[in-house]
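Okay, so here's the structure we're looking at.
Each chain gets a letter, A, B and so on, in the order its sequence line appears, and its residues count up from 1. These numbers come from the heavy atoms of this one structure, side chains and all, not from hydrogens, waters or symmetry mates.
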Protein chains: 2
Amino acid sequence: MKKLSIRDIGKELGVSITTVSFILNGKAKEKRISEALTKRVLDFVEKVNYTPNVMAQALRTGKSKLICLMVEDISNNFFFSQVARQIEEKAHINGYRVIFCSTDNDKNKTRELIKLFRDRLIDGYIITPPEGIEKQITNLLDDNIPVILADRNLPDIQCSSVMVDNYESSFHATQHLIDQGFEQIAYLAIESTQTQMRDRQRGYEAAMNRSGKPILIKKLDYYAPQSENVAQLKSFMLAHPTLDAAFFATNYICNWGLEVIRSLNLRIPQDIGVLSYDDTSLFKLYNPSITAVAQPIQQISDNILKLMLDTLNGKFRAQDVHQVVIPAQLIVRESSIRNTLIPKDSTILTQ
Amino acid sequence: MKKLSIRDIGKELGVSITTVSFILNGKAKEKRISEALTKRVLDFVEKVNYTPNVMAQALRTGKSKLICLMVEDISNNFFFSQVARQIEEKAHINGYRVIFCSTDNDKNKTRELIKLFRDRLIDGYIITPPEGIEKQITNLLDDNIPVILADRNLPDIQCSSVMVDNYESSFHATQHLIDQGFEQIAYLAIESTQTQMRDRQRGYEAAMNRSGKPILIKKLDYYAPQSENVAQLKSFMLAHPTLDAAFFATNYICNWGLEVIRSLNLRIPQDIGVLSYDDTSLFKLYNPSITAVAQPIQQISDNILKLMLDTLNGKFRAQDVHQVVIPAQLIVRESSIRNTLIPKDSTILTQ
DNA sequence: TTTCAATGCTAAATCGTTTTATTGTTAATT
DNA sequence: AATTAACAATAAAACGATTTAGCATTGAAA
């Protein structure tokens with residue numbers, strides 16, 4: 001059961017392979033192939049279920065129809081895995097396949113990966129970039145290979161990106177805590193100079209400053225073992241007994257925090273209010289349910305892929321910069337409610 | 001900055017491309033190329049940072065170095081996303097890239113996907129198979145394309161697979177609940193004839209029968225909307241007020257169950273004991289923490305990839321059947337403890 | 001001196017497409 | 001009758017590698 005080649009079907013029909021190729025690529029009209037022949041070829045191709053050899057096409061055209069999706073860690077993040085899923089699905093519909101890999105937020109690993117793919121294997125990249133790969137991205141763009149940054153961008157280079165309004169949504173989330181009467185709101189984050197992290201912090205600080213509340217920030221180490229971070233967080237909380245609310249910069253930090261809160265036998269929200277950036281399925285289920293800033297996954301994925309396809313199809317050049325910012329959603333749940341007038345699980349859009 | 005071809009480096013060195021190819025493929029000795037020339041070529045290749053065009057190699061050799069990983073839903077399952085990550089990493093180390101996609105447990109979608117890839121794009125498949133794709137898999141194997149089934153197998157065909165001992169681990173989990181003094185233990189599952197689901201149910205039934213306890217089973221619909229399943233589960237629990245423990249067949253069913261338990265204001269484990277198949281990060285964090293059967297992800301991934309690589313490297317033929325069964329772990333947490341003698345978060349290996 | 005084997009390297013075919021340039025027709029115009 | 005235009009289809013080169021079969025050269029054996 002060997003696969004048919006275009007040569008086989010040409011021979012079978014007594015037609016040249018050129019003709020077959022033109023017809024299959026929808027150039028019948030343009031190349032003035034007669035309608036009769038076009039139909040004959042199309043029918044036969046359909047009948048014998050012929051599909052072209054993708055590798056040969058890729059070699060000849062220099063286009064692999066492969067998109068590479070590089071996320072921080074596909075396995076450990078609700079947001080990334082959802083986005084990955086969406087992208088994969090939409091790409092398929094448009095005739096593209098998706099190769100994916102995890103960067104671990106490590107610039108060396110990411111550089112390696114890009115280098116590995118450099119040899120025209122990949123038509124386009126979607127990346128949640130660690131800092132330090134600016135040069136590699138510029139090189140790709142210079143070769144007119146599209147790159148879309150997701151979730152964050154790299155301020156030192158000009159590159160298309162899709163992300164949420166981290167500053168505004170963080171501001172609103174903090175404001176929500178303030179409105180609920182929390183006084184000592186700590187911001188728990190990781191040591192990072194990534195744009196989305198900076199913006200979230202700026203949002204928190206701006207809201208606190210505007211209300212004249214004290215700023216209280218603790219930074220953890222992304223690369224440290226989980227137990228170390230939990231311990232750090234615990235001693236921080238013990239050192240600040242007057243704390244009455246915690247704003248976690250990501251959902252995994254919030255997970256660490258919940259572990260600590262639990263071990264200290266604190267009640268949420270009576271003893272401590274809780275709010276997290278990045279919603280997960282856990283937060284809805286947790287007892288009490290956790291208020292979170294949700295990133296609209298569908299919209300983000302749609303925008304990423306649209307930009308990618310438009311660039312691949314030549315509507316834009318890779319170097320053209322399109323930066324899309326999408327409003328995030330504050331989903332208010334039990335963990336942040338002191339004022340009982342606000343209904344459970346209500347949704348508030350920032351903006 | 002055009003990419004160098006093997007022709008360029010041959011020309012540059014005044015050597016034929018044949019020679020260069022032999023040397024690059026480690027056949028210098030075999031083809032009796034002199035050591036001096038071998039070194040000269042290798043040094044030059046290193047210096048100019050030449051890498052071969054993957055597409056041309058693929059076209060010529062018929063091997064793409066691409067593995068396709070088809071899981072049920074990459075975005076919504078702790079187990080699958082972890083496995084995906086592991087596979088990706090190990091495959092990379094061995095010079096393979098991973099394409100991934102979600103089957104949605106839909107046989108038509110899965111067939112489509114396999115068909116799409118049929119044209120020697122993919123060297124090997126790792127699949128968590130929906131039922132109904134037996135024929136497609138047999139076809140692949142007949143063409144000597146390796147297929148490894150993961151998480152479950154298809155009883156009607158002969159195919160390599162890697163999965164946990166669903167029957168034994170489910171038996172032990174049930175036995176654990178019985179040992180804790182629970183009397184009316186319900187088994188909450190989805191309507192499915194997949195092997196892993198059947199085996200889990202058989203394990204529950206066997207343990208219950210051996211202790212002379214009543215069997216109580218409720219089946220939900222995987223494809224129904226979540227709200228529908230939650231409602232179903234709620235009315236089931238209301239209809240069985242004497243129920244004192246629930247064994248959930250998967251973690252997402254357990255999530256539905258926790259939502260119901262919460263809405264009924266039942267206390268875990270005082271009013272109802274809870275145990276779930278498939279651990280997630282949620283279960284450790286939940287209050288109270290949830291006892292679960294954990295699948296050893298590392299071991300599963302290792303075995304899958306080892307089988308795949310051994311077949312790709314010709315150590316086995318695709319048709320050779322290797323069925324690997326790995327023991328699962330029962331992680332005992334608060335939700336199933338009545339007998340306070342057992343320590344928290346202790347780990348019991350089945351077998 | 002011829003024959004043979006070993007050594008060191010290469011020409012050319014091949015994988016399955018796309019695409020450029022070209023060749024025959026026939027019909028219309030000069 | 002000769003030129004041109006439009007039409008319909010094709011031959012052959014190219015993409016960049018791998019691999020088969022073979023070509024020179026040298027030294028040793030016959």
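- By the 4.0 Å N-to-carboxylate-O rule, A/Lys11 lies too far from A/Asp8 to be salt-bridged with it.
- What separates NZ of B/Lys63 from C1' of C/dC15 is a distance of 14 Å, to the nearest Å.
- The closest side-chain donor-acceptor pair between B/Glu72 and B/Tyr222 falls under 3.5 angstrom.
- A/Ser64 and A/Asp123 share a side-chain donor-acceptor pair at under 3.5 Å.
- We find that NZ of B/Lys29 is positioned 13 Å from P of C/dC9, with the value rounded to whole Å.
- Straight-line distance from the CE atom of A/Met55 to the C1' atom of D/dG16: 14 Å, rounded to whole Å.
- Protein atom NZ of B/Lys11 is 13 Å distant from nucleotide atom P of D/dA17, rounded to whole Å.
- In this view, A/Phe100 and B/Phe100 satisfy the ring-ring contact (aromatic ring centres under 6.0 Å, His included) rule, not counting sequence neighbours.
- A/Ser102 and A/Lys109 share no donor-acceptor pair across their side chains, judged by distance under 3.5 Å alone.
- One finds a side-chain N or O of B/Gln57 lying less than 4.0 angstrom from the OP1 or OP2 phosphate oxygen of D/dT18.
- Side chain of A/Thr195 to backbone of A/Asn153: a donor-acceptor contact under 3.5 angstrom is found.
- Taking only side-chain atoms of B/Tyr50, from C-beta outward, the nucleotide of D/dA17, D/dA13, D/dT19 with the closest atom is D/dA17.
- Remark: side-chain polar atoms of B/Thr19 are not paired, donor with acceptor, to backbone N or O of B/Val15 under 3.5 angstrom.
- For the segment residues 15-25 of chain B, residues with any heavy atom less than 4.0 angstrom from an atom of DNA chain D are, sorted by number, B/Ile17, B/Thr18, B/Ser21, B/Phe22, B/Asn25.
- Put simply, B/Ser34 has no side-chain N or O that comes within less than 4.0 Å of OP1 or OP2 on C/dT7.
- Rounded to a whole Å, the CD atom of A/Glu30 is 13 Å from the C1' atom of C/dT20.
- Proximity note for A/Arg60 (side chain, C-beta onward) versus C/dT17, C/dG8, D/dT19: the nearest is C/dT17.
- Per the geometry, CZ belonging to A/Arg7 stands 12 Å off C1' belonging to C/dT18, to the nearest Å.
- Of the charged side-chain nitrogens involved, at least one lies within less than 4.0 Å of a carboxylate oxygen, so that B/Glu35 and B/Lys29 count as a salt-bridged pair.
- In this structure, A/Ile33 atom CD1 and C/dT18 atom P are separated by 14 Å, rounded to whole Å.
- Across the protein-nucleic acid pair, A/Lys31 atom NZ and C/dA21 atom P stand 10 Å apart, rounded to whole Å.
- For the side-chain contact (heavy atoms from CB on, under 4.5 Å) test with B/Ser301, the passing option among B/Arg85, B/Lys306, B/Gln86 is B/Gln86; the others fail.
- For B/Leu59, the listed nucleotide lying nearest its side chain is C/dG16; candidates were C/dG8, C/dG16, D/dA9.
- Note on the helix from C/dT1-D/dA30 to C/dT30-D/dA1: terminal axis deviation equals 80°, with five pairs used at each end and the result rounded to 10°.
- For B/Leu37 and A/Ser5, each mapped to the nucleotide of DNA chain C holding its nearest heavy atom, the one lying further toward the 5' end belongs to B/Leu37.
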